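Inspection log for the structure reproduced underneath, given as structure tokens.
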Protein chains: 2
Amino acid sequence: MDKKVRKIRENSFGLLLKKISLRIEKELERRLAKSGLSVKTFGIVMLLLEEEGLTQKELGTRTEVPGYSTTRVLDSLEKQGLIQRRPHPTSRRANLIYLTEKGQELRGQLPMMIQGVNDDFLAACNQDERKMLQGALAKILEQNPLD
Amino acid sequence: MDKKVRKIRENSFGLLLKKISLRIEKELERRLAKSGLSVKTFGIVMLLLEEEGLTQKELGTRTEVPGYSTTRVLDSLEKQGLIQRRPHPTSRRANLIYLTEKGQELRGQLPMMIQGVNDDFLAACNQDERKMLQGALAKILEQNPLD
DNA sequence: TTGCAATTGTTGCATTTGCGACTATTATTG
DNA sequence: CAATAATAGTCGCAAATGCAACAATTGCAA
């Protein structure tokens with residue numbers, strides 16, 4: 001039993017993050033099931049609840065979802081009647097994405113549910129710890145840009 | 001532009017974790033490429049460097065990898081000549097997994113590389129912050145057990 | 001303006017993934 | 001001991017994924 005390797009393994013920041021991240025996703029998936037959304041789709045819906053009329057490119061960039069995946073997620077949401085693609089006023093190759101009325105109805109529950117999952121996982125930490133966590137993680141994120 | 005939704009989205013603990021986790025994996029994948037390992041396989045190799053002679057079940061449990069995936073990862077590592085399956089002394093349905101000599105050679109670089117990736121991502125934080133982070137995340141993990 | 005490069009979005013196709021069924025073996029129960 | 005349940009590991013197959021090529025359009029430069 002190699003103690004040195006064990007220490008590296010047990011203290012691995014990346015491993016820790018991955019484990020927690022997967023558990024959050026699993027729990028989120030459970031709670032989203034009722035609304036017909038999934039971990040794949042909810043992120044784009046959340047962004048649309050925040051701001052509509054973005055292009056697919058923009059949606060993909062802001063949610064860090066690759067283009068081909070954005071296309072498919074929107075296909076799926078469109079089929080569910082939650083969003084619609086509208087033509088861009090000046091560019092014929094871009095689409096502007098809007099929530100349908102049915103999509104807008106998610107505003108009543110979805111954001112609160114996301115908040116809820118996060119809070120539940122952070123239950124072990126007090127307010128100060130949470131602030132520190134958020135701060136440190138945000139700092140780490142911005143110091144390690146996407147490629 | 002819905003400010004309330006925006007706040008929830010931007011402060012989302014789960015989203016933050018996922019983004020960082022994916023970036024770490026991406027960087028790790030790059031560095032692992034040279035050694036013929038991948039994010040899929042390195043975790044089990046790391047565990048074997050720490051302790052050999054575990055069953056596939058045990059390997060899967062400790063790395064949180066499902067059984068069918070463990071089988072496939074070991075198939076792959078076996079084909080690369082890095083591990084070997086040996087019969088369990090008392091149970092004919094279990095295998096005990098050992099590193100080959102070639103597998104053992106990874107001890108010289110792999111743990112250090114993992115350490116390196118973690119350190120690089122934590123570069124933005126000083127020692128105190130790192131301690132706090134590790135502590136808080138470990139607490140969160142244990143308070144939210146796997147299913 | 002014409003030709004070339006870049007952008008937006010979509011899709012075909014091969015690879016990867018995960019569920020569930022399956023084999024073989026071992027443990028348990030009556 | 002026989003019958004049944006539980007366990008370790010594997011595998012087929014459908015679905016999900018990612019790459020790379022593609023069509024359509026727009027921007028840019030000579």
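Quick note on labels: first sequence line is chain A, next is B, and so on, each numbered from 1. On a predicted model such as this, the values are computed, not experimentally measured, just so you know.
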Any non-hydrogen side-chain atom of B:Thr55 less than 4.5 Å from a side-chain atom of B:Ile97?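 With C-beta onward as the side chain, the pair stays apart.
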
Close side-chain approach of B:Val5 and A:Leu47, heavy atoms under 4.5 Å: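 No, too far: nothing below the 4.5 Å cut-off.
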
Heavy-atom donor-acceptor pair, A:Glu129 side chain to A:Asn126 backbone, under 3.5 Å: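 Checking the backbone N and O of A:Asn126 against the side chain of A:Glu129, a donor-acceptor pair under 3.5 Å is found.
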
When we call it a touch if two heavy atoms are under 4.0 Å apart, what does [X] touch: a base, just sugar-phosphate, or nothing?
X: A:Asp75; value: nothing
X: A:Thr55; value: sugar-phosphate
X: B:Thr71; value: base

Separation of atom [atom1] in [X] from atom [atom2] in [N], rounded to whole Å:
X: B:Lys57; N: C:dT25; atom1: NZ; atom2: C1'; answer: 15 Å
X: A:Glu58; N: C:dT7; atom1: CD; atom2: P; answer: 14 Å
X: A:Arg92; N: C:dT8; atom1: CZ; atom2: P; answer: 16 Å
X: A:Glu29; N: C:dT17; atom1: CD; atom2: P; answer: 17 Å
X: A:Ile44; N: C:dG9; atom1: CD1; atom2: C1'; answer: 13 Å
X: B:Arg93; N: C:dT26; atom1: CZ; atom2: P; answer: 7 Å
X: A:Arg72; N: C:dC13; atom1: CZ; atom2: C1'; answer: 10 Å
X: A:Ile97; N: C:dT8; atom1: CD1; atom2: P; answer: 13 Å

Run the salt bridge (charged side-chain N to carboxylate O under 4.0 Å, His left out) test on B:Glu27 and B:Arg30 for me, step by step, so that the C-alpha distance in whole Å, both residues' side-chain angles and the decisive distance to 0.1 Å come before the verdict. CA-CA 5 Å; B:Glu27 177 57 27; B:Arg30 263 192 289 270; 2.9 Å; yes

Do B:Val65 and A:Ile20 share a hydrophobic cluster (ILVMFWY, side-chain heavy atoms under 4.5 Å, transitive)?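 B:Val65 does not cluster with A:Ile20.
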
Are any of B:Tyr68's side-chain N or O atoms less than 4.0 Å away from OP1 or OP2 of C:dG18?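 It does, given that an N or O in the side chain of B:Tyr68 lies less than 4.0 Å from OP1 or OP2 of C:dG18.
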
Report yes or no: is the cationic atom of A:Arg23 (NZ for Lys, CZ for Arg) under 6.0 Å from the centre of the six-membered ring of A:Phe121, at an angle within 45° of the ring normal?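 Pair A:Arg23/A:Phe121 does not count as cation-pi.
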
Would A:Asp2 and A:Lys7 pass as an ion pair if we require N to O under 4.0 Å?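 No, this pair does not count.
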
Between which nucleotides of DNA chain D, 5' to 3', does chain A make heavy-atom contacts below 4.0 Å?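 In short, chain A contacts DNA chain D from D:dT17 to D:dT26.
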
Considering heavy-atom distances to DNA chain D, does B:Leu74 or A:Thr90 have its closest nucleotide positioned more toward the 5' end?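 Its nucleotide being nearer the 5' end, the pick is B:Leu74.
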
